[in-house]
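Here is the structure we will look at, set down as structure tokens.
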Amino acid sequence: NNHNFSETLLHKLISIFRWERYNPRLMILDSPAGNLGITEIGVLQKYLQSLVESGIAVILMCRQLIDQQPLCGEIICAINKDFKGIYQADSIGKDYTFFLDDK
């Protein structure tokens, strides 16, 4: 296969892989899909899913729910450090939006 992935994706995958070698029980990733295109997000999701299937718990912190929703069992929503709720990922439709209001 001839894949032309961005340097950004390759750096993210290599970084996660380096930590995976230590056999962690938990990985916390901050905005793992940031600055990636749709195809690259799919590649990242497949890799993260393989981590979950191997027994590693993965916590994703991200601003764009739609990017990572397929990987999530539960989604915890906090807006401006204010806890809003816990949602089952499969109960949230694709058109669901969390409205952020700084006021």
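- For the pair Glu40/Thr8, no side-chain contact is recorded, criterion being any heavy-atom separation below 4.5 Å from C-beta on.
- Between Trp19 atom CH2 and Leu26 atom CG the span is 12.0 Å, to the nearest 0.5 Å.
- Remark: Lys46 NZ to Leu48 CG distance equals 12.5 Å, nearest 0.5 Å.
- At most 12 heavy atoms of other shown residues, nucleotides or ligands fall within 6.0 angstrom of atom CD1 in Ile38.
- Atom CD in Gln45 sits 9.0 Å away from atom CD in Gln49 (nearest 0.5 Å).
- Residue Asp82 places its CG atom among more than 12 non-hydrogen atoms of other residues, nucleotides or ligands, all under 6.0 Å distant.
- For Glu20 against Met27, the heavy-atom pair with the smallest separation is N-CE, 4.3 Å.
- Judged by distance alone, the side chain of Ser50 and the main-chain N or O of Tyr47 form a donor-acceptor pair under 3.5 Å.
- Applying the 6.0 Å contact sphere to CZ of Phe83 captures more than 12 heavy atoms from other residues, nucleotides or ligands.
- Partner of Lys12 under the side chain to side chain contact (heavy atoms under 4.5 Å, CB included) criterion, chosen from Val43, Leu29, Leu36: Leu36.
- Using a 4.5 Å cut-off on side-chain heavy atoms (C-beta onward), Ile41 and Leu44 make no contact.
- Ile59 is not connected to Ile56 by any chain of hydrophobic side-chain contacts under 4.5 Å among Ile, Leu, Val, Met, Phe, Trp and Tyr, and they are in different clusters.
- Nearest heavy atom pair, residue Met61 against residue Ile28, reads CE-CG2, 3.9 Å.
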